[in-house]
Amino acid sequence: MIYSSFPKNSFQKNKKQILKLVEKVLDSGNYINGNCLKNFENNFAKYIGSKYALGVGNSTDALLLSLKAVGVKENDEVLVPSHTAPATVISILNCKAKPIFIDVNLDDYNIDYNLIEKNITKNTKCLVIVHLYGQAANLNQILKISKKFNLKVIEDVSQSCGALYNKKKLGSFSDIGCFSFFPTKNLSTIGDSGAIVSNNKNYINKIKMLREYGWDANRNCQFVGINSRLDEVHAEILNYRLKNLDNENRERIKIAKYYLKNVKNSKIILPRVFPERKHIFHLFVVRVKNRNKFIKDLQNEGFKLGIHYERPVHKHAIFKGKKFKKLENTEKISNQVVSLPIYIGLNKKIMSKLVNILNSI
Ligand SMILES: Cc1ncc(COP(=O)(O)O)c(C=O)c1O
């Protein structure tokens, strides 16, 4: 069976090297908060083009810590799309803040900047931009609005590590950028981990404490924090894999170009790419009207396709009984999106077989 993503290929290709790195950490006797983490934080900040980076346990924590660092408190309103991974919104709820859902547009499936201003109230504290599927949201327009209203902005870059907007890396445009290195992500390791980047030393100092109980350099707890550390093994694997991230992103873009060129079926809506943005295709998401049949037909041909996302976050059980404004595009596309296979090592023969099936469907 061929899946939408298959991280094992990329790790298997580097198995010898990864095992050596694990052995190196094992022999060092230093497993938490050591040099591997420091190196990764330095290298990652440089790669993104931000002054600082901090490793954390995962991106859900990265988002939570960032919201707390910019000062989001109980009952504050946070603007966020509902067409995203639940984690983006769960972090807001864990701050006891109120997510205000904004619809997405049909061009890039990211937050619709036209709808932001009309959802701003005196309680609005922060805007969370999600760069979904590997492509930037319309940062030019969005940042104009956030500046005008003095909103804090956090970028959820969990799906877009290495993607560009006007030649600048995502994550470096806002107060804080949050990343996931979950195994399926473009930059990944064989477990959970994540990072934040920022140019603001105050945010960095606060998150440094918050990620470790809330204590300071004297181990004196100044805040109620959490425990969300990026350990030495994962930091060392990420250090190694970061060097190859641009190559791996190029491989994804090549696969995407093949689909974009060869899928010719008016019933399948292909993703759009924009000249000012470099899409790094964490996912290759198409839209079809009769999704159940489409998925079943492809499963019969050996392709098990994913859906990102079938249930918009505002439709999850945690919001049962709550009334939200209608999110027309979000609800429409949640019934239509399907993720085609895109991963390191996906071979031409499989891609060509898939294209033939798609063109005859
Ligand atoms: C857009 C987005 N935000 C947040 C997350 C959460 O990442 P993690 O699993 O590292 O907590 C994910 C992961 O799926 C994601 O895709």
Side-chain angles (χ1 to χ4, degrees), residues 3-7 40 44 53-68 78-95 99 101-102 104 108-111 126-137 142 153-163 170-171 173-174 176-197 207 210-211 226-231 234-235 237-238 241 252 271 279-285 306-314 316 318 330 333-334 337 339 342-343:
Y3 296 91
S4 298
S5 64
F6 194 66
F40 176 66
F44 193 63
L54 290 174
V56 292
N58 52 67
S59 181
T60 314
D61 286 351
L63 288 156
L64 170 70
L65 297 173
S66 302
L67 289 160
K68 284 182 181 272
V78 179
L79 309 177
V80 66
S82 175
H83 183 64
T84 180
T88 316
V89 178
I90 291 297
S91 312
I92 298 169
L93 296 171
N94 274 327
C95 278
F101 293 111
I102 313 280
V104 293
D108 57 16
Y109 310 130
N110 285 320
I111 197 163
C126 181
L127 162 66
V128 178
I129 305 170
V130 184
H131 303 297
L132 207 64
Y133 301 153
Q135 178 161 244
I142 296 169
V153 180
I154 292 170
E155 287 167 89
D156 182 348
V157 204
S158 302
Q159 298 195 3
S160 296
C161 191
L170 302 187
F173 285 85
S174 58
I176 307 178
C178 299
F179 294 81
S180 170
F181 308 128
F182 184 79
T184 56
K185 299 295 196 268
N186 289 39
L187 175 62
S188 58
T189 178
I190 46 173
D192 270 318
S193 59
I196 63 108
V197 297
I207 292 174
L210 285 173
R211 77 173 169 178
I226 58 174
N227 177 4
S228 185
R229 294 179 290 230
L230 168 53
D231 63 60
H234 291 313
I237 293 171
L238 288 165
R241 287 183 48 76
R252 287 173 182 276
H279 192 327
I280 45 86
F281 290 97
H282 165 59
L283 295 166
F284 190 96
V285 175
I307 300 176
H308 302 87
Y309 295 90
E310 193 162 14
R311 180 177 288 114
V313 185
H314 72 287
H316 278 249
I318 47 173
T330 297
I333 65 175
S334 65
V337 285
S339 305
I342 192 157
Y343 52 80

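Counting starts at 1 for both ligands and their atoms, in listed order.
- Distances from ligand 1 to the non-hydrogen atoms of Tyr133 include no value under 4.0 Å.
- Looking at Ser158 next to ligand 1, an N or O pair under 3.5 Å apart turns up.
- Nearest protein neighbour of atom 1 (C) of ligand 1, counting heavy atoms only, is Asp156 OD2, 3.5 Å.
- With hydrogens left out, the protein atom closest to atom 7 (O) of ligand 1 is Ser59 CB, 3.3 Å, a heavy atom.
- Within the 4.0 Å heavy-atom shell around ligand 1 one does not find His308.
- Interface atoms of ligand 1 facing Thr88, defined by a heavy-atom separation under 4.0 Å, are 3 (N).
- Distances below 4.0 Å separate heavy atoms of Ala85 from the following atoms of ligand 1: 2 (C), 12 (C), 15 (C), 16 (O).
- Smallest separation of non-hydrogen atoms from Pro86 and Val313: CA-CG2, 3.9 Å.
- Residue contacts with ligand 1: Lys185 is placed with a nitrogen or oxygen under 3.5 Å of a nitrogen or oxygen of the ligand (distance criterion only).
- The ligand atoms of ligand 1 that sit less than 4.0 angstrom from a heavy atom of Tyr309 are 16 (O).
- When heavy-atom distances to ligand 1 are checked against a 4.0 Å cut-off, Ala87 comes that close only through its side chain, counted from C-beta outward.
- At a 4.0 Å heavy-atom cut-off, ligand 1 touches Thr60 through backbone and side chain alike.
- Looking at Ile196, Val197, Leu187 one by one, the single match for side chain to side chain contact (heavy atoms under 4.5 Å, CB included) with Phe179 turns out to be Val197.
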